[in-house]
Trainee: 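Dumping the structure here so I can ask a few things about it.
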Amino acid sequence: MAAAKKAFQIRLPPLPSIKDVIKLYKLRALRELSQNFLMEPRLIDKIVNAAGNIENHIVCEVGPGPGGITRSIIQRGPRKVILIEKDRRFTPSLELIADACKDKVDVDIITGDILKTDIAQYIPEDAKTDWLDSPPPVNLIGNLPFSVSTILLIRWLEMISKQEGPWAFGRTRMTLTFQKEVAERMAARILSDQRCRLSVMCQNWCNVNYKFDISGAAFLPKPDVDVGVVTLTPLKHPIIKLPFKMVEKVVRQIFSMRQKYSIRGAQTLFPEEVREEMALRMYKMAEIDPVTRPFQIANMEFARICHAYNEIIKEYPEFEHYDYRAQKVGKKVVEQEV
Ligand code: SAM
């Protein structure tokens, strides 16, 4: 019987522990940068393992901090590691790691804001694969700062929809942490209490896999919430094949009155004078019962509603830019975001 293939490992020379690195460089965690460091090697390895085989891959890590996850990534023999960290206090500890593996792995340390960084410029062109092929040897990994995780996710979903940035290289996979509640919403299926706009948006462009939870107690300092680890693999074909902004608008308005009949939210897609008539027409075209509540609508049914909306917009282009929220400026609109 053939022996099981041993996982490839790069052995790093002895380095101070992450705890010692934090002490050595006096890296007091900054709340404004959502700094919660994961201290336990077993959990760090579990996150990196969730990304699958990354040997010879190009791995971009968001917010490496003192470098606990970075070390685990490097031990798995990637071809290149791109580190994007906003806080320059971490540069010396990341340079220490880069130096320790300099003959084996190419490490780029970028001091900058992930929301303003064009990751694609650091990915070698030869990593490109066709969108319909298996995912490319490119991975995004990160114990994300809570303060930017949802906005980053929405931004990345839009890039996925346009096959831009890291997704110009194919269906680049992501292994990311979120507040547990956000991770649950991302993965929530029809009828779940957690089902919301974010569920439909994530699942429209990606296969969302909720991997496991990490207790807040595993972080230093301990955040008020637990964390969920999620992998996202872009779908070959989205469920709703329409522009991102249009899908986002329809889904957002439908979920804006979460506890009411979904047609109530759908009506807000149209100006007041035609609201009831147009929403009813849209629901008829989509064959959706108007008394269905938002969380009872399946992804495929959202697809039918979005396509019906698109047909109405073709007939009445003036409705396309109608913005209910803008109309309500000055009045109190409580809107359930994500
Ligand atoms: N990876 C480390 C770990 O797991 O222990 C640190 C994770 S900590 C939750 C989030 C990291 O993201 C911090 O190092 C923080 O400085 C960094 N960060 C916060 N906002 C950022 C941004 N906009 N762009 C890049 N990095 C950011």
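For ligands, and for the atoms within them, numbers begin at 1 and follow the listed sequence.
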Trainee: Please check whether Ser147 reaches ligand 1 - meaning an N/O of the residue sits under 3.5 Å from an N/O of the ligand, judged on distance alone.
Mentor: no
Trainee: Under 4.0 Å from a heavy atom of Ile114: give me the atoms of ligand 1 that qualify, with their elements.
Mentor: 22 (C), 23 (N), 24 (N), 25 (C)
Trainee: Using 30° and 60° as the class limits, which term best fits the ring planes of Phe302 and Phe255: parallel, tilted or perpendicular?
Mentor: parallel
Trainee: So, is Ser34 polar-close to ligand 1, with some N/O to N/O distance under 3.5 Å?
Mentor: no
Trainee: Decide if the gap between the ring center of Phe37 and the ring center of Phe90 is smaller than 6.0 angstrom.
Mentor: yes
Trainee: Taking only heavy atoms of Asn36, which atoms of ligand 1 are found under 4.0 Å from at least one of them?
Mentor: 7 (C), 8 (S), 9 (C)
Trainee: Hydrophobic cluster mates of Ile190, side-chain heavy atoms under 4.5 angstrom, ILVMFWY only, any path?
Mentor: Leu191
Trainee: Does ligand 1 have any atom sitting under 4.0 Å from a heavy atom of Pro64?
Mentor: yes
Trainee: Polar contacts were defined as any N/O atom of the residue lying under 3.5 Å from an N/O atom of the ligand; does this apply to Leu144 and ligand 1?
Mentor: no
Trainee: With a 6.0 Å cut-off on ring centres, are Trp131 and Trp167 close enough?
Mentor: no
Trainee: State if Gly112 counts as touching ligand 1 under the rule of any non-hydrogen atom under 4.0 Å.
Mentor: yes
Trainee: Quick one: hydrophobic cluster around Phe295, which other residues, with the 4.5 Å side-chain cut-off, linked directly or via members?
Mentor: none
Trainee: How far is atom 5 (O) of ligand 1 from the closest protein heavy atom, and which atom is that?
Mentor: Leu38 N, 2.8 Å
Trainee: Around atom 23 (N) of ligand 1, find the nearest protein heavy atom and jot down its residue, atom name and distance.
Mentor: Asp113 OD1, 2.8 Å
Trainee: Does any N/O atom on Gln35 come nearer than 3.5 Å to any N/O atom on ligand 1?
Mentor: yes
Trainee: Flag the pair Asp45 and Arg42 as a salt bridge only when some basic side-chain nitrogen lies within less than 4.0 angstrom of an acidic carboxylate oxygen.
Mentor: no
Trainee: Which residue from Gly63, Ala29, Pro223 reaches closest to atom 1 (N) of ligand 1 through any of its heavy atoms?
Mentor: Gly63
Trainee: Strictly under 4.0 Å, does any heavy atom of Glu61 approach an atom of ligand 1?
Mentor: yes
Trainee: Assess Leu115 for proximity to ligand 1: is some non-hydrogen atom of it under 4.0 Å away?
Mentor: no
Trainee: Could you tell me whether Ile69 and ligand 1 have an N or O pair separated by under 3.5 Å?
Mentor: no
Trainee: Which atoms of ligand 1 are found less than 4.0 Å from any heavy atom of Phe90?
Mentor: 14 (O), 16 (O)
Trainee: Out of Pro145, Gly65, Ala218, who gets a non-hydrogen atom closest to atom 20 (N) of ligand 1?
Mentor: Pro145
